Amino acid sequence: MRGPRAALGAVLLGALTALAGVVTPTTALADDPELTPVERFSSCVAGGGQGNLLLMFDTSGSLADTDPDAGRVTAATATMTRLAAKLAEVPDSTVDVAVSGFSTGFATSLGWTALSTQSAPTINAAIEAYADRDRDVDTDYWSAMDGARRAFSERIATQENPCNLLMWFSDGEFNLNVRDNDSKLQRWGGLKPWAPDNKLGNRAQVTQALEAGRSDLCRPGGLADQLRSLDVATIGLGLAVDLEPSAFDLMQGITTGSAGCGQITQPTPGEFIMASDVDDLIFAFITALDPVTEPTTTQPCVDTECAEGTRTFVLDGSIGAVNATAKTPLDGTRILLRTRTGDSIELTQGTGEQNLGGSTLAWEWLTPQVLTFDLTRVDADDWAGPWGIVFIASEATDELAKSTITLKGDIAPTLVDRAVRLQIGAEPVALQLGTVDRNGARIDPETLSEETVLSARLIAGEETMTLADDLTKGDIEVPIPVDVDDLQPGIAELVLTLDVTTQAWTENGVTTPGTRLEPRHASFPIVIAPPVDFPSIPARISFGSTEKPDPVTVLLPITGEGCAWLSGDTTFTGYPDGLDNAQLTSPAAGRDSCAKGNLELTLDPGGLGNGSLVGTTKVMLAAADSSAEPIAVDLAFDLSQSRPASQPVLWGTLILVTLLGVAIPVGILYLVKYLTATIPGTAVLAGTVSGPVDDAHAFTDAGVPLDVTRLQMAHLTDRRQVTVAGRTLHAKMGAALTEPGYVVVATPGPSAGGRGTLQSVRGDARLPLAVQGNWMVALDPQRPGSGPVEITVFTAPGAPGFADLLDDVRANIRVAVARLREGLPPDAGPAAPAADPWANPPGGSRPTTGPSSW
């Protein structure tokens, strides 16, 4: 999953290519099916990529009616448990999971956490917390997608081979509630970033905001395109209980690109699944990550077992386990497992386990109509042969049962030498393919069935090279020489597809055909190096994140001899609204200014918006031997932007009240100040680090040792006081009539807070009400003059502008600590009263107390 153009060529089948000689590029057939979004994600993970899976839940109040028993939580936890078990069977596979919610805004409740059988309970606990989160207003699709964009943009900035998947759930259409007073506006998240001048004060204003939000989501280069440009595959799950299916047209468009939502529609951006009730939702959620396009339907038997009510599948020694999910059409419908010997085991309601000799069986009814079961091979005895799932209803019904069966073959395709490097102009390199079991051990092809076939494609830019089609077991390990002289240098993608059909079963003269397993896909990044004497560059560069409209400059490393310059051929596939004139420039713009070592790149967004500037550009590479013709390579880039939150409510209210004249008591003004002196937003994230700081050195000089994954989050259920990362924040309204509200953080030793210029109140840190995007420093209470200092940073869900915040810490920490320590007695003596070095400008007298507060 290294970019839309690479994934565009990820096809499964093509024209047969002879194995003899050297493989050369061929054009993919127009009717070749592409990998599904889930297959792209799973094949990327199977090939050693870093999986990033973001779960995003709607938390609007309608869920109390549409999903009162929190079926969405039941489904999600079951999905994570099954996915963790699957990952344990794929060698070297890693998937990190983050959990978030959306209503008036976007909030992360669990940062990126490695998924494993050991961590699944922790992840599921975070998911289970959403069972009671069904009281919020709004179903804000824009904030949901913008939060996901920021989460993935920051996540992949330093990853070489990310595999990205977003799973989001909603039970309603894009909707905003009317804010008929300023208190509601502020309590419900403030102004919407995409409509900063709209106070949502009446239905007409809400309609205007919704239209603007839909436009920014689906316009060319809008939020949907920005996510797709970041190579994020999407699964949307809609629960339509009280709404017509058409109410989810926008959600489906964001997910799949249908109905003209976005310009990037190939490869298919995602899959949308509609559920009409909670049982359908649970079935859809659990099977969304299974490599099955459509579930199989079965007409249930009535009262007793019957052939038409049985779904048969055949197992052999190549199958290690069976995962199945079934949904019955009616409450009370029974499900039986028919074993290879013809015995039937009823899977009774609740949970159950049974040892079948050569296998173990475990099942669970998630609802009275939805069942999951796992059949795991222990040894070869009582395993190979035909099995079946039998549905038995107590009365005749026209409705059908649904089931998905995933046969987990103990076999996967692999690239034997993952460090292989292809070079333009060099002798062809032979790729060694093979098959391995769940432990990564080689499988002898001779032990495979005759119907096992392997296909391979190499995707480089817009070219798809067919390496092999339908290799049978005798040819799977035959080395394939590859000539890449006609391809573009960079990171190519080797896509392997293994098709396995189980052995047919014959008993008493009756043959049951084998069952075809779902194809196993794996994709591996392969370096296609430039010719000898040419330098090389990374395939992608991140410009980070910013809350400013200023140009951002980065250095692109150039490895090897030779030099590089920016050709000027740049395409933006995603950009914030109004920033379609952004420019990417470099001092090295031609052969005469060719850069060595690093290529300086400057991205000028041309303004400030909410979104990501995402695109590709051409970089020219020149050999150390200047007689060789330069070659062009693609470079992907992105810059994440966020506007700082606007806080217009307090001053607008004060001005309005003041204009009413002296007839309004001053007490009302203070009441307004008190009501509006609250911490804005839905949540606060914070993290604390500590270390030595003196006039010349600081432990942050090489960078603040803190990343987003280490932040703790607290939801703002009480906007006047919140505790996060060991700090308790108290909102104060300020004593003076025109003094803005602020936040105080009490500490044992002297402290100060803010950004750039820090402040304190009676020795405690003082921050603005909008604490997100600010930081504080506290001295050691025992050794304030020489002991370690603690730095705490505060940000909002999604951590907008986090890199800039850390830069501010690094730039100002030494000055801040020096001013806090000014005038303190030596550490050996008794501790002096905490000073307030920021209460007055340097050189002025310092009062013994800071500003009073309520």
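In this text the structure is predicted, and so the values were computed from the model without any measurement. Residue indices begin at 1 and follow the sequence shown.
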From [X] [atom1] over to [Y] [atom2], what is the distance, rounded to the nearest 0.5 angstrom?
X    : Y    : atom1 : atom2 : answer
M251 : T139 : CE    : OG1   : 10.5 Å
F313 : I405 : CZ    : CD1   : 5.0 Å
T74  : I286 : OG1   : CD1   : 8.5 Å
T351 : L371 : OG1   : CG    : 11.0 Å
L63  : D65  : CG    : CG    : 9.0 Å
F524 : E493 : CZ    : CD    : 10.5 Å

For a quick test of reading the model, state the closest non-hydrogen atom pair linking [X] to [Y] and the distance between them.
X    : Y    : answer
A240 : F248 : CB-CE1, 3.5 Å
F272 : T256 : N-CG2, 3.6 Å
T414 : T435 : CG2-N, 4.2 Å
S93  : V45  : CB-CG1, 3.7 Å
K327 : F283 : CB-CD1, 3.8 Å

Practice task
Show your reasoning for whether side-chain contact (heavy atoms from CB on, under 4.5 Å) applies to R155 and T158.
Solution key: CA-CA 7 Å; R155 178 67 175 166; T158 58; over 6 Å; no

Apply the side-chain contact (heavy atoms from CB on, under 4.5 Å) test between F102 and each candidate in F57, W142, W168; give the one that qualifies.
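Single side-chain contact (heavy atoms from CB on, under 4.5 Å) partner of F102 among F57, W142, W168: W168.
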
Going by atom types only, do [X] and [Y] share a side-chain donor-acceptor pair under 3.5 Å?
X    : Y    : answer
Q159 : N52  : yes
D138 : S103 : no
T795 : Q772 : no
T360 : N355 : no
T688 : T792 : yes
N124 : T77  : no
T325 : R82  : yes
T723 : T728 : yes
R150 : S545 : no

Is there a donor-acceptor pair under 3.5 Å between the side chain of [X] and the backbone N or O of [Y]?
X    : Y    : answer
S359 : L356 : no
Q349 : P368 : yes
T117 : A84  : no
Q369 : T328 : yes
S116 : Q118 : yes
S43  : R40  : yes
R311 : S403 : yes
S170 : G172 : yes
R340 : A384 : yes
S612 : S153 : no

With a 4.0 Å cut-off, would you call [X] and [Y] a salt bridge?
X    : Y    : value
R72  : D171 : no
R520 : D499 : no
D343 : R338 : no

Evaluate the side-chain contact (heavy atoms from CB on, under 4.5 Å) criterion for residues I526 and I491: first the C-alpha distance (whole Å), next the side-chain angles of each, then the deciding distance (0.1 Å), finally the verdict. CA-CA 6 Å; I526 293 183; I491 304 297; over 6 Å; no

Would you please test V278 and T66 for side-chain contact (heavy atoms from CB on, under 4.5 Å) and show each step? CA-CA 8 Å; V278 173; T66 61; over 6 Å; no

query = Between T104 and D136, is a side-chain contact (heavy atoms from CB on, under 4.5 Å) present by the stated rule, with each step listed?
reply = CA-CA 7 Å; T104 57; D136 294 329; 5.7 Å; no

Original post:
Side chains of L281 and F169: closer than 4.5 Å at any heavy-atom pair?
Top reply: yes

Where do Q50 and T94 land on the side-chain hydrogen bond (donor to acceptor under 3.5 Å, both in side chains) test, with the steps shown first? CA-CA 6 Å; Q50 171 59 60; T94 57; 3.2 Å; yes

The residue among D374, T406, T404 that forms side chain to side chain donor-acceptor pair (under 3.5 Å) with N323 is D374

Taking the six-membered ring of Y130 (Phe, Tyr or Trp), confirm whether the NZ or CZ of R133 is under 6.0 Å from its centre and within 45° of its axis. yes

